[in-house]
Amino acid sequence: MSSNLAWVLIVVGGIMECFWVSGLKYADSFALYILTGLGILISFSCGIIAMKKIEVSVAYAVFVGIGTAGVVLAEMLYFGENFSLIKILLITILVICVIALKFVNKENDDEAFKELYYVVFDEIKEQK
């Protein structure tokens, strides 16, 4: 399996996590419980398969970050949770950190840091 396919599986698993976590709260029939269980099975299967190729600590952080951000946004957009600017800010920070983690692994730690450093500080210079 390629590294790119493993990352696709992490993203798919993270998105699927959004559905099954909401299912834990809102399922009210046998069919919805079955769908929630199927979501758990698919989500974790994607994660387990992908983590054979990708560093576990980074893959799991990205996997859970996608799920967390998705559930918080779904709660606000679809399930009537109060909209909170601080939640949006914190989710934005989480997503930025998850994206940064995707670029950091054993093979290219130094390169990723240099790229992130230049992106951040070039942005700051442009704002001045």
Side-chain angles (χ1 to χ4, degrees):
M1 169 185 359
S2 73
S3 181
N4 287 339
L5 178 58
W7 281 111
V8 168
L9 287 173
I10 290 293
V11 171
V12 168
I15 292 169
M16 193 59 113
E17 183 178 2
C18 300
F19 291 102
W20 70 256
V21 168
S22 294
L24 291 175
K25 182 176 182 178
Y26 296 105
D28 58 0
S29 69
F30 184 72
L32 290 177
Y33 287 121
I34 294 296
L35 285 175
T36 300
L38 187 61
I40 292 170
L41 180 68
I42 293 169
S43 177
F44 279 97
S45 294
C46 288
I48 290 167
I49 293 167
M51 287 179 208
K52 302 231 184 260
K53 178 70 177 173
I54 301 171
E55 196 176 337
V56 172
S57 59
V58 174
Y60 188 68
V62 172
F63 179 83
V64 172
I66 292 168
T68 303
V71 169
V72 170
L73 292 174
E75 285 288 314
M76 286 191 289
L77 295 173
Y78 299 110
F79 297 113
E81 176 90 17
N82 291 332
F83 177 82
S84 168
L85 195 54
I86 190 72
K87 282 184 183 179
I88 297 297
L89 175 66
L90 292 171
I91 290 297
T92 303
I93 292 169
L94 175 66
V95 169
I96 290 168
C97 291
V98 164
I99 291 168
L101 274 174
K102 194 263 183 228
F103 293 106
V104 177
N105 58 39
K106 289 179 184 173
E107 292 85 34
N108 62 359
D109 276 348
D110 291 334
E111 268 185 55
F113 178 76
K114 288 176 187 174
E115 288 179 32
L116 188 60
Y117 176 85
Y118 290 124
V119 167
V120 169
F121 285 102
D122 285 346
E123 183 69 29
I124 291 171
K125 287 177 187 175
E126 289 176 10
Q127 290 178 358
K128 287 183 180 182

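These numbers were taken from a predicted model, which means no experiment stands behind them.
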Residues 77-90 vs salt bridge (charged side-chain N to carboxylate O under 4.0 Å, His left out), sequence neighbours excluded, gives Glu81-Lys87

In Thr92, Ile86, Ile88, Leu94, the residue satisfying side-chain contact (heavy atoms from CB on, under 4.5 Å) with Leu90 is Ile86

Output the distance between atom [atom1] ([X]) and atom [atom2] ([Y]), rounded to the nearest 0.5 Å.
{"X": "Tyr33", "Y": "Asp28", "atom1": "OH", "atom2": "CG", "value": "7.0 Å"}
{"X": "Ile49", "Y": "Ile10", "atom1": "CD1", "atom2": "CD1", "value": "10.0 Å"}
{"X": "Phe63", "Y": "Phe44", "atom1": "CZ", "atom2": "CZ", "value": "5.0 Å"}
{"X": "Ile40", "Y": "Ser45", "atom1": "CD1", "atom2": "OG", "value": "11.0 Å"}

Provide the closest heavy-atom pair for [X] versus [Y] in the form atom of the first, atom of the second, distance.
{"X": "Gly70", "Y": "Cys18", "result": "CA-SG, 3.4 Å"}
{"X": "Ala6", "Y": "Ile54", "result": "CB-CD1, 3.4 Å"}
{"X": "Thr36", "Y": "Ala27", "result": "OG1-CB, 4.1 Å"}
{"X": "Glu17", "Y": "Val64", "result": "OE1-CA, 3.9 Å"}
{"X": "Ala69", "Y": "Val95", "result": "CB-CG2, 4.1 Å"}
{"X": "Ala59", "Y": "Met51", "result": "CB-CG, 3.8 Å"}

Would a hydrophobic clustering, with Ile, Leu, Val, Met, Phe, Trp and Tyr connected at side-chain separations under 4.5 Å, put [X] with [Y]?
{"X": "Ile99", "Y": "Leu73", "result": "yes"}
{"X": "Val12", "Y": "Trp7", "result": "no"}
{"X": "Ile91", "Y": "Val21", "result": "no"}
{"X": "Val11", "Y": "Val72", "result": "yes"}
{"X": "Ile15", "Y": "Tyr60", "result": "yes"}

List the steps, then state whether side-chain contact (heavy atoms from CB on, under 4.5 Å) holds for Cys46 with Met16. CA-CA 9 Å; Cys46 288; Met16 193 59 113; over 6 Å; no

Residues at least two apart in sequence or cross-chain that pass salt bridge (charged side-chain N to carboxylate O under 4.0 Å, His left out) with Lys52, listed by chain then number, are none

Sorted by chain and residue number, the salt bridge (charged side-chain N to carboxylate O under 4.0 Å, His left out) partners of Lys25 (sequence neighbours excluded) come out as Glu75

task = Given side-chain contact (heavy atoms from CB on, under 4.5 Å), test Leu32 with Ser29 step by step and report yes or no.
result = CA-CA 5 Å; Leu32 290 177; Ser29 69; 3.5 Å; yes

- Side chain to side chain, Leu35 and Trp20, heavy atoms closer than 4.5 Å: no

Checklist entry - Any idea how Tyr26 and Phe79 line up, ring-wise: parallel (<30°), tilted (30 to 60°), or perpendicular (>60°)? => result parallel

